[in-house]
Amino acid sequence: MSDKIIDVAAGLIMRPDGQLLLGQRPEGKPWAGWWELPGGKLEPGETVLQALARELQEEIGITVTESRRWVTYVHAYPHTTVRLAFCFVTGWTGEPRSLENQRLEWVDPRQADRVGELLPATLPPLRWLRLPVTYGISAAGSPEGMPAFLERLDRALANGLKLVQWREPAWPGGPSASQAGFDAALERCRRAGARLLVNSVHPQAWWRLADGVHLRASDAGGLQSRPDLPAGSLVGVSAHNHADIQRARELGADFAVLGPVAATPSHPGQPGLGWDGFEAANRDAGLPVYALGGQSPATLAQAQAHGAHGVAGIRGLLG
């Protein structure tokens, strides 16, 4: 592994039909013939987005008009270590064309390997693209609150919510007493084609019944490795600072939830990070991070402008 880290900006250029642009590395370059996201190295004094715009102009002939940062991820190749700043290119002019003797292909991100061998560092963002941009968190509170909660859940699922957490730490009789509510929420989510994660405050046997587990920061800190769950299960981690984000990455979590960005009733006495604090804690995250605290679909664009994958919330998404 090289001690020197090379900074690279890589662009996810997606058409309205969901197709993603990949390029094949030309002969004469390392990993020739392998497929990757377009982009290239930062030059001295450039920001990530400036480098991305320059590289895409030089490499495929488009002019970037709108872009945003997403996830920064470090990958060690045998002789080179790269720090990839993955960015979404959401506006451009011109039609992508080969200017460096490379093949270009539009692909379905879920079946991108059909085009050929993919560079190892290209695989993580293809997985992350499968995560929805909204993450609803339950707050039924008690058996008496379940009918109203299920109405709210059904409404949110009908409106497209695809990822939900069964949280319920203060359920009367303890979290394990909420199994009937958990079962009802799981049935609703499965019927709607959504995934339900269970908070790690609940019995571990539930983690395998659900579509994965959402680890509290304290629980993540006590683990030595990613929980052993069925293939396809998701692992999320709650984070309040940069150290928590690092721990989520070390565990091989699929995503983290960072907050609160703004103070909320569900986190009494906990001051908000603010967007500057969110960005600082999210630096070099290495995985997608949802913003939590005062978030809703109305704040999604703002959150993504500050590097969030999406937004998570109780009232804003399941209120």
Quick check: does any side chain N or O of His240 sit under 3.5 Å from a backbone N or O of Pro260, one acting as donor and the other as acceptor?
no
Give a yes or no on whether the backbone of Gly33 and the side-chain of Glu117 come within a donor-acceptor separation of less than 3.5 Å.
no
Find out whether Cys87 and Leu49 are in side-chain contact, i.e. whether some heavy atom of one side chain is under 4.5 Å from a heavy atom of the other.
yes
Residues two or more places apart in sequence or in another chain: which of them pass ring pair (Phe, Tyr, Trp, His ring centres under 6.0 Å) with His306?
Trp275
Kindly write out the residues that satisfy side chain to side chain donor-acceptor pair (under 3.5 Å) with Glu46, not counting sequence neighbours, or none if the list is empty.
Arg54
Does anything in residues 32-41 form a salt bridge (Lys or Arg N to Asp or Glu O under 4.0 Å)? List the pairs, not counting sequence neighbours.
Arg25-Glu36
In short, side chain to side chain donor-acceptor pair (under 3.5 Å) pairs touching residues 173-186 with sequence neighbours left out are Trp166-Ser178
Apart from Leu99 itself, which Ile, Leu, Val, Met, Phe, Trp or Tyr residues share its cluster (side-chain heavy atoms under 4.5 Å, direct or through members)?
none
side-chain contact (heavy atoms from CB on, under 4.5 Å) partners of Asp211, counting only residues at least two apart
Leu186, Arg190, Arg195, Leu196, Leu197
Residues passing the salt bridge (charged side-chain N to carboxylate O under 4.0 Å, His left out) test with Arg226, sequence neighbours excluded, are Asp254
Looking at Arg103 and Glu105, is there a salt bridge between them, counting it only when a charged N and a carboxylate O are closer than 4.0 Å?
yes
May I ask you to test the Thr81-Lys4 pair for a side-chain heavy-atom distance under 4.5 Å?
no
Would you give me the side-chain donor-acceptor pairs under 3.5 Å for residues 280-293, sequence neighbours excluded?
residue: Asn282; atom: ND2; partner: Gly307; partner atom: O; Å: 3.3
residue: Arg283; atom: NH1; partner: Ala280; partner atom: O; Å: 2.6
residue: Tyr290; atom: OH; partner: Pro132; partner atom: O; Å: 2.6

Heavy-atom distance under 4.5 Å between the side chains of His214 and Ile137, does that happen here?
no
Side-chain heavy atoms of Val257 within contact of Val237, under 4.5 Å
no
Which residues pass the side-chain contact (heavy atoms from CB on, under 4.5 Å) test with Glu187, not counting sequence neighbours?
Arg191
Which atom pairs, donor and acceptor, lie under 3.5 Å between side-chain atoms of residues 154-161 and protein residues at least two apart or in another chain?
residue: Asp154; atom: OD1; partner: Arg188; partner atom: NE; Å: 3.0
residue: Asp154; atom: OD2; partner: Arg188; partner atom: NE; Å: 3.1
residue: Asn159; atom: ND2; partner: Arg155; partner atom: O; Å: 3.3

Partner residues of Pro96 under the side-chain contact (heavy atoms from CB on, under 4.5 Å) criterion, sequence neighbours left out:
Leu21, Ile60, Ile62, Trp92, Leu104, Trp106
Could you give the side-chain donor-acceptor pairs of residues 67-75 under 3.5 Å, partners two or more places apart or in another chain?
residue: Arg69; atom: NH2; partner: Thr72; partner atom: OG1; Å: 3.2
residue: Trp70; atom: NE1; partner: His309; partner atom: ND1; Å: 3.1

